[in-house]
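Letters A, B, ... are given to chains in the order of the sequence lines, protein chains preceding strands, and every chain is numbered from 1. What you see is a predicted model; the values in this text were computed from it and never measured.
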There are 2 protein chains.
Amino acid sequence: MEVSVKGEYALRAVFDLACHQQEQPIKIAKIAERQQIPQKFLELILSQLKQGGFLSSRRGAEGGYFLARPAESITIGDILRHIDGPIAPARRLQQDDLPEDSPFPELWEKVERALSSVLDRMSFADLVVRWKENRAKRVVNWQI
Amino acid sequence: MEVSVKGEYALRAVFDLACHQQEQPIKIAKIAERQQIPQKFLELILSQLKQGGFLSSRRGAEGGYFLARPAESITIGDILRHIDGPIAPARRLQQDDLPEDSPFPELWEKVERALSSVLDRMSFADLVVRWKENRAKRVVNWQI
DNA sequence: TCGATTCTCTACTAATCTACTAGAGATTGG
DNA sequence: CCAATCTCTAGTAGATTAGTAGAGAATCGA
């Protein structure tokens with residue numbers, strides 16, 4: 001049931017871009033440094049996210065990546081599906097040679113709905129809000 | 001996010017045993033045939049499930065496997081965790097080098113709760129009930 | 001007791017996937 | 001033009017997956 005490291009990197013990268021939405025394009029090197037991701041690996045991931053229409057980029061000096069759409073319209077599920085493939089816990093192919101009355105397809109559908117209810121409802125705008133809340137909380141604790 | 005083939009086989013095997021709870025021990029060969037699982041692979045899986053305390057067995061002629069506990073007390077989550085490892089989508093180790101105010105740990109906890117709410121609430125007794133319902137429905141449709 | 005049956009245990013393996021790295025090429029800003 | 005930066009194609013070491021092979025140990029029925 002694990003999300004791949006690549007998937008986690010992708011989420012962290014998009015989150016990083018969502019946090020700097022208003023600014024200039026962000027360089028790969030900057031994201032790699034801030035998010036602790038191997039730069040060459042991150043290049044592949046960002047390129048793949050661009051193919052998927054989530055990011056745009058500019059080359060050359062002062063180039064970099066930025067969100068192609070507002071953070072509110074990109075969900076965790078969108079990114080994970082594009083990088084790691086279907087969220088579904090069971091592969092469709094194998095379902096076919098189960099007996100017609102098997103209870104398992106129902107089970108997997110339930111699981112998928114449960115996952116979707118979290119992953120497809122949570123946008124990167126939500127994540128940024130949470131992040132700001134966490135920072136605020138920490139500052140308050142620190143002041144006490 | 002995929003369950004391994006081994007995990008699926010384990011679930012199907014336990015389900016098979018749950019369907020034949022009252023009877024004699026069931027032979028590996030019988031389960032392998034009914035559930036379409038490579039027999040030698042299934043041997044390893046059943047042995048592992050026995051180590052986990054879910055199944056008991058008897059060797060020799062008329063031997064086989066049977067549930068060590070009532071089907072109501074064994075959940076999908078129990079079996080998956082024992083065969084595939086933790087249900088959690090993100091590994092704990094990597095969480096440590098995230099910044100303290102990262103919104104991701106919260107996200108993964110939400111996902112884990114969502115998964116648990118399905119996997120840990122569904123027992124094999126429930127599965128058997130669903131299976132019988134499905135069979136009944138099919139018969140009704142067939143009669144019409 | 002014998003022998004057929006069935007589970008048990010250890011070891012091996014081919015193929016695939018994961019998490020990268022290397023390096024050359026294409027664009028762009030100044 | 002040139003330095004910075006993204007882009008694209010390849011390769012790859014190590015781990016994991018989904019098995020297979022084969023000998024050994026326990027049990028039942030006759």
(request) Figure out the CD1/P separation between A/Ile28 and C/dT21, and round it to whole Å. (result) 14 Å
(request) Can you sort out the partners of A/Ser47 under side chain to side chain donor-acceptor pair (under 3.5 Å), two or more places apart, ordered by chain and number? (result) none
(message) The criterion is salt bridge (Lys or Arg N to Asp or Glu O under 4.0 Å); which residues satisfy it with A/Arg34, sequence neighbours excluded?
(response) A/Asp16
(request) For B/Lys40, check salt bridge (Lys or Arg N to Asp or Glu O under 4.0 Å) against everything at least two apart and list the hits. (result) B/Glu43
Scan the side chains in residues 126-133 of chain B for donor-acceptor partners under 3.5 Å anywhere in the protein, sequence neighbours excluded, and list what turns up.
from     : atom 1 : to       : atom 2 : distance (Å)
B/Asp126 : OD2    : B/Ser123 : N      : 3.0
B/Asp126 : OD2    : B/Ser123 : OG     : 3.3

(request) Using whole Å, report how far CD1 of A/Ile37 lies from P of C/dT21. (result) 12 Å
(request) Starting from the C-alpha separation in whole Å, work towards a yes-or-no answer on side chain to side chain contact (heavy atoms under 4.5 Å, CB included) for B/Phe124 and B/Leu11. (result) CA-CA 9 Å; B/Phe124 283 87; B/Leu11 294 176; 3.8 Å; yes
(message) Tell me the interatomic distance from A/Gln24, atom CD, to C/dG29, atom C1', rounded to whole angstroms.
(response) 12 Å
Distance-only donor-acceptor hits, side chain of residues 62-71 of chain A, under 3.5 Å, sequence neighbours excluded:
from    : atom 1 : to      : atom 2 : distance (Å)
A/Arg69 : NE     : A/Ser73 : OG     : 3.4
A/Arg69 : NH2    : A/Ser73 : O      : 2.7

(message) Generate the contact string for nucleotides 24-30 of chain D. Rules: B means base contact, S means sugar-phosphate contact only, - means no protein heavy atom under 4.0 Å.
(response) BBBBS--
(message) Run the side-chain contact (heavy atoms from CB on, under 4.5 Å) test against A/Ser4 and tell me which residues pass, sequence neighbours left out.
(response) A/Lys6, A/Asp84
(request) Whole angstrom is fine here: how far is it from CG in A/Leu42 over to P in D/dT5? (result) 15 Å
(request) Quickly work out the B/Glu43 CD to D/dA23 P distance and round it to whole Å. (result) 15 Å
(message) Considering only residues two or more places apart or on different chains, which pairs with a residue in residues 39-63 of chain A satisfy ring pair (Phe, Tyr, Trp, His ring centres under 6.0 Å)?
(response) A/Tyr9-A/Phe41, A/Phe54-A/His82
(message) I need the minimum non-hydrogen distance between A/Ala90 and B/Glu8, along with the two atoms involved.
(response) CB-OE2, 3.8 Å
(message) Any residue in residues 45-57 of chain B with a heavy atom nearer than 4.0 angstrom to DNA chain D? Just list them by number, or reply none.
(response) none
(request) Evaluate the side-chain hydrogen bond (donor to acceptor under 3.5 Å, both in side chains) criterion for residues A/Asn134 and B/Glu100: first the C-alpha distance (whole Å), next the side-chain angles of each, then the deciding distance (0.1 Å), finally the verdict. (result) CA-CA 9 Å; A/Asn134 287 352; B/Glu100 213 185 321; over 6 Å; no
Just the table, please: protein N/O against nucleotides 12-17 of chain C N/O, every pair under 3.5 Å.
none

(message) From NZ of A/Lys27 over to C1' of D/dA4, roughly how many Å is that when rounded to an integer?
(response) 9 Å
(request) Measure from CG on A/Asp84 to P on C/dT18 and round the result to the nearest Å. (result) 8 Å
(request) Using the salt bridge (charged side-chain N to carboxylate O under 4.0 Å, His left out) rule, take A/Arg113 and A/Asp120 through it: C-alpha gap first, then chi angles, then the decisive distance, then the call. (result) CA-CA 10 Å; A/Arg113 276 197 298 274; A/Asp120 293 332; over 6 Å; no
(request) Indicate for each nucleotide in nucleotides 14-20 of chain D, in 5' to 3' sequence, whether protein heavy atoms under 4.0 Å reach the base (B), only the sugar-phosphate (S), or nothing (-). (result) ----SBB
(message) When you compare the side chain of B/Met122 with that of B/Thr75, does any pair of heavy atoms fall below 4.5 Å?
(response) no
(message) My understanding is that only residues two or more places apart in sequence, or in another chain, count here; which of them pass side-chain contact (heavy atoms from CB on, under 4.5 Å) with A/Ala10?
(response) A/Ile45, A/Leu49, A/Ile79, A/Ile83
